[in-house]
Amino acid sequence: MLSGILIFNQKGENLIFRAFRSDCRPRLADIFRIQVISNPQHENIYLVAVTKSNANAALVFEFLYRLIMLGKSYFGKLDEEAVKNNFVLIYELLDEILDFGYPQNTDPDTLKMYITTEGVKSAIANSPTDSSRITMQATGAQSWRRADIKYRKNEAFVDVIEDVNLLMSATGTVLRADVNGQIVMRAYLTGTPECKFGLNDRLLLDTSDTTGAAKSRGGGGTSGAGKATRAAAGSVTLEDCQFHQCVKLGRFDADRIISFVPPDGEFELMRYRATENVNLPFKVHPIVREIGTTKVEYSVAIKANYSAKLFATNVVIRIPTPLNTATTTERTSQGRAKYEPEHNNIVWKIPRFSGQAEFVLNAEATLTSMTHQKAWSRPPLSLSFSLLMFTSSGLLVRYLKVFEKSNYSSVKWVRYMTRAGSYEIRF
Amino acid sequence: MAMNKIRGAFAVPRKGETFELRAGLVSQYAYERKESIQKTIMAMTLGKDVSALFPDVLKNIATADLEQKKLVYLYLMNYAKSHPDLCILAVNTFVQDSEDPNPLVRALAIRTMGCIRVEKMVDYMEEPLRKTLRDESPYVRKTAAICVAKLFDLNPSMCLENGFLEMLQEMIGDPNPMVVANSVTALAEIHHSAVELGALQITANTLRKMLMALNECTEWGRVTILSTLAEYRAADVKESEHICERVAPQFQHVNASVVLAAVKVVFLHMKYVGPELAKTYLKKMAPPLVTLVSSEPEVQYVALRNIDLLLQKQPDILNKELRVFFCKYNDPPYVKFQKLEIMVRIANDRNVDQLLAELKEYAMEVDMDFVRRAVKAIGQVAIKIESASEKCVNTLLDLINLKVNYVVQEAIVVIRDIFRKYPGYEGIIPTLCQCIDELDEPNARAALIWIVGEYAEKISNAGDILGSFVDGFNEEFSQTQLQILTAVVKLFLKRPEKAQGLVQRVLQAATAENDNPDVRDRAYIYWRLLSNTSDQNATKSIVLSDKPPIVTTIHSLPPALLEQLLQELSTLSSVYHKPPEQFVGQGRFGADAVQRAAIEEQIQNARENPLAAAAAAAVSGTTPSAQAQNNVENLLDIDFDGGAPASVQNNAGGMSGLEGLAGTPVRVQSPAVGAPAPSGNNNLDDLLGVFGDSGASQPSSSGANGSGAAGDLMNGFSGLDLSGTTSPANDNQKKTNEDILSLF
């Protein structure tokens, strides 16, 4: 398995060097290109894993990304400065999460119980009783949850966040449209609650007959009590889903019931993918004409395809310009457009975009003449936005039930949001 | 005075960083000591040698501060080797710590002890290890389990004598899933470094335990258990079914490596279950595989390489998922290239329109390498799917009309392959001939000339075209020269009246003014064939013989290698598409074995070829063996320092045969990987040129390895054949020719 973990800055200086096996020597840092299996770059550092065996490549890359995540959760962000300031802690972490090159528990919440930034908290871990409790939990079947959690008010927040990906050809046909969704939950629940979670998943709806108990937060007609939902909205075919480790995969596989004991606080309950019947929130019609070699004319129309009650925020349309653009002029019917020479883009921002509205941008880019004219590659036009109370896949939360020994009642909130993933339109 | 000076020279310097650190390490204030330890570790990371501080750091080992303890331990692990004697001083603390009431401290002690690779320390490890293996805290037990693997690595005999292996095997039955996972990890590691021990034997009982732990342990533990399950050969069909059933839910895990490991298990065990069941599992496997494609680029690449392997075995698992593999504008190039390959693999007559539109889009981008591959992909699709060939050819013509230099060149090469399969597209030849002036790469020129020669009777100005090439014959690359030669001869045989002068000019140029033996040889062969007047048809039947059509131009791995790689899913080996022996040797010390093999080879070379070695030695001014070692160090390893750890020697004794095996294949070029070496290519072209007078393309690029030898063989044949001109000989030869071609 892994022989060592190294972190370099952009100059190639070694910031962290942790060898786990004898075949990993300090000289390695100088020639890390030999037998290097990976270097995901993050911020301004390189994370490098070294091995001399036929290691599990997927595991190694996953692990390095987990390391980045862990760094973020500890230091806010993992960059050169954070590494330099916290190198002791990083060594401590590496020692804990990798043993002899084999990854151990990498769950940030668990690790934070006994590896902490402040010296004060680590005193807890020094007392034998506490630490035996901590270690029990860190290795237990429910390593993600403490046993003694108490809340006065039991609440659970569910956020359904969808990234909609679109690739549209120049002729306006949809080449590819799919949704990557995630369901993030913030659980503030007492004790060891057992949760059951229901979606309007087609496979599930065919078999189950439970009614929902989810309450919706915020306005909009997209969510409501289970009965209404089932009547109103159709069902969704989830292509694939992946779950947080707390979800009992066996039960999902057998009867598609999502059942779990949640960790405390925020976590990503599941991710899913849907490819059928994707509702595209925006339609874009770009017309781009290259006039001779000195001018490009743009006319971009964008129409919102969702209910007039909703509105999208932070809509940004990036319209690529040729590399040799000298100046541009833009006129818009809404929002502001600006040329960003460093990205070769005209950036059109619309802070608030109501449903069913349609806006147009007309622009003209003047090009400088170049000695060797290279064809313009015409990169696709891209869009970013976020839209509340709308799911592109049509997914709805039907219920979230909480069962606990003490039988308390709990309040649940659901929120939906659709964002642009890679929303690209060729022209 | 003088005495003092001398004494001063030997004393420890009173200034500088080391001095300051030392002062801090022995300070009376705890916080100052801790700060100095931190600074020492920092210096260590920067690559400074702070081993001189060893005794002073060691003084700080006995502390209640866990953080400080960890730092001291970290320092110890790094420098224990440089002060093996002083390590003894730390033993006491370790032993005490391993009985500490705090499980974190106990685990830390046993974990660190295993990492201090000093013989003396190992002697003291026995007791603490035995105790911690039976510790009440699962956290300590799981750490101790890994420590057994560390001990085995250091001193296998001690590990066996003390029965740690048996203890570890018992621990698979531990109630705690993490302990189970780590025990399996440790056992698997021991198993792989010493197969003869059979450390990891799976019984019905352990299988049940592992399947139970699978659903409860951490994601990394799951990967370990799954990898072990994948290697396990189930006792009967029922067991295989059971394993598949229990593993399949892991497809839904969020961690890509767990998903891949689960896919591996199911894929390997699927062979034994019924075809119906296998089909449902294949169906179940597709969506998770597709999901992997949206992960981080590196993970995505691993997934794509593995999907490539799976598709070669099961070509239709992802039939409907073509769109997922469309390249995004911002994908890194390595991901884009791999996606292209996969798209071609899953192309069928239903999705081909979509694919072609997409490929055409790519071919109009600006990244030259990507564009070329896209054009190539269009050709592969044309040859793969007959019904789509016309659309593909039209797409290629559209691209040629864009007049982008490199697109045109690649398209011509691709079209040549298409002609090999579908000779009927001669209508496009005029279009191709128009761009003759734009071609500057030998490959593209050769392709076009081949086309002209092949269709010489239908191209009215073939003589003029070839004439212009013959004029500049000696400026061409040899690859192109060979094609010119063949094409002119074909033209002459088809339309003798037009090419009489041309063929003489080209033969003259190729024999008298050319210094490439391949070109000369071929020219002489043609010359003799043409000057043979007794049987005109003999020449024709050789030069204008029918060529076996190309079946596919998609690169595929040989079945045996594929089977082997499927066993290695998700490992580096599956990413490189090479068996592990090619980049690591057997077990953990593979790299060392490779290195030793290389040294031996060098010495062997020196022995067999003393002259060359002596010459080389004279140049470098060293003895042969020393030079050999130098080379080896440069080429192979990063940390070769002669003194291999003791356990290496042990291992070497136990399995020297294996290591020899493991070492050698490294130097043999893989038959399947990468593009064929240029020389191989030449040979092959040569060979085909003589017999199929095509030299067009290799049906599969995996021919590189054999082509050299085959070339030699065929040269021998041609020599034989030139003397006898009877037609049976020709038939016979043609047969061999086809046989040989079908080999590729």
Side-chain angles (χ1 to χ4, degrees), chain A residues 14 16-17 22 25-29 31 34 37-38 40 52-59 61-62 65 87-88 91-92 95 99-100 102-103 105 114 122 125-126 128 131-132 135 138-139 141 143 167 175-176 180 239-245 249-250 252-253 271 273 375 377 379-380 422 424, chain B residues 38 42 45 47 66-67 70-71 74 101-104 111 117 137-139 142-143 146 149-150 176-178 185 215-216 218-220 223 248-250 252-257 260 287-288 290-291 294 296 298-299 302 323 326 328-329 365-366 570-573 575 580 584 588 591 638-639 645:
Chain A
N14 195 196
I16 294 282
F17 178 91
S22 56
R25 318 240 172 123
R27 268 170 67 200
L28 198 70
I31 22 176
I34 305 172
I37 60 163
S38 95
K52 270 193 173 179
S53 62
N54 182 22
N56 186 332
L59 177 132
F61 288 122
E62 275 288 328
Y65 277 102
F87 78 96
V88 172
Y91 274 122
E92 216 177 310
D95 194 41
D99 193 2
F100 206 37
Y102 291 104
N105 195 342
Y114 54 99
S122 70
N126 275 341
S131 56
S132 54
T135 53
T139 53
S143 61
L167 185 62
L175 295 176
R176 176 183 171 191
N180 285 330
E239 206 66 19
D240 185 28
C241 4
Q242 298 156 309
F243 296 99
H244 186 268
Q245 56 168 330
L249 295 178
F252 180 76
D253 194 59
R271 279 189 225 163
R273 212 158 45 77
S377 69
S422 95
E424 294 182 338
Chain B
Q38 287 189 2
M42 174 90 96
T45 303
L66 199 57
E67 199 176 328
K70 282 181 183 171
L71 289 174
L74 180 66
N102 184 339
L104 284 176
R111 187 163 63 209
R117 307 178 61 85
S137 161
Y139 182 80
K142 71 137 184 146
T143 314
I146 293 280
K150 293 179 192 168
N176 186 292
M178 279 276 274
T185 307
N215 283 318
E216 290 177 342
T218 63
E219 45 205 326
W220 316 112
V223 176
Q250 303 297 327
Q252 253 67 49
H253 201 278
V254 74
N255 185 323
S257 55
L260 264 181
V290 168
T291 305
S294 52
E296 311 285 353
E298 288 90 357
V299 183
V302 175
R323 288 160 178 239
F326 284 179
K328 294 200 183 116
Y329 189 74
E365 282 188 18
V366 280
S570 134
T571 64
L572 279 179
S573 162
V575 177
V584 288
R588 276 208 48 227
I638 358 177
D639 47 34

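Below, read A as the first sequence line, B as the second, and so on, with proteins coming before strands; counting in each chain starts at 1.
Between the CZ atom of A:Phe87 and the CD1 atom of A:Ile16 there is a distance of 7.5 Å, given to the nearest 0.5 Å. With values rounded to the nearest 0.5 angstrom, B:Tyr139 atom OH is found 8.5 Å from B:Met178 atom CE. From A:Asp240, atom CG reaches atom CZ of A:Arg271 across 11.0 Å, with rounding to the nearest 0.5 Å. Atom CG in B:Asn255 sits 4.0 Å away from atom CD in A:Glu62 (nearest 0.5 Å).
Among A:Pro379, A:Ser422, A:Pro380, the residue making the largest number of heavy-atom pairs under 4.5 Å with chain B is A:Pro379. Residue with the most contacts toward chain A among B:Val290, B:Thr291, B:Leu71, B:Ile146: B:Thr291 (heavy-atom pairs, distance under 4.5 Å). The greatest number of non-hydrogen atom pairs below 4.5 Å with chain A, out of B:His253, B:Glu365, B:Lys150, is found for B:Lys150.
Looking at A:Glu239, both its backbone and its side chain come within 4.5 Å of chain B, counting heavy atoms on both sides. For chain A, the nearby part of B:Val223 is the side chain; its heavy atoms alone come within less than 4.5 Å. Contacts of A:Arg176 with chain B are made by both backbone and side-chain atoms, with heavy-atom separations under 4.5 Å. Both the backbone and the side chain of A:Leu59 come within contact range of chain B, judged by heavy atoms closer than 4.5 Å. Only the side chain of B:Lys70 comes within less than 4.5 Å of a heavy atom in chain A; its backbone stays farther off. Interface residue A:Asn180: only side-chain heavy atoms are found under 4.5 Å from chain B. Residue B:Ser573 touches chain A through both its backbone and its side chain, counting heavy-atom pairs closer than 4.5 Å.
No hydrogens or angles considered: nothing links the side chains of B:Asn176 and B:Glu216 as a donor-acceptor pair under 3.5 Å.
Residues forming a ring-ring contact (aromatic ring centres under 6.0 Å, His included) with A:Phe252 (at least two apart in sequence, or on another chain): A:Phe243.
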**OP:** Determine, stepwise, if the pair B:Trp220 / B:Ser257 fulfils side chain to side chain contact (heavy atoms under 4.5 Å, CB included).
**Re:** CA-CA 8 Å; B:Trp220 316 112; B:Ser257 55; 4.2 Å; yes
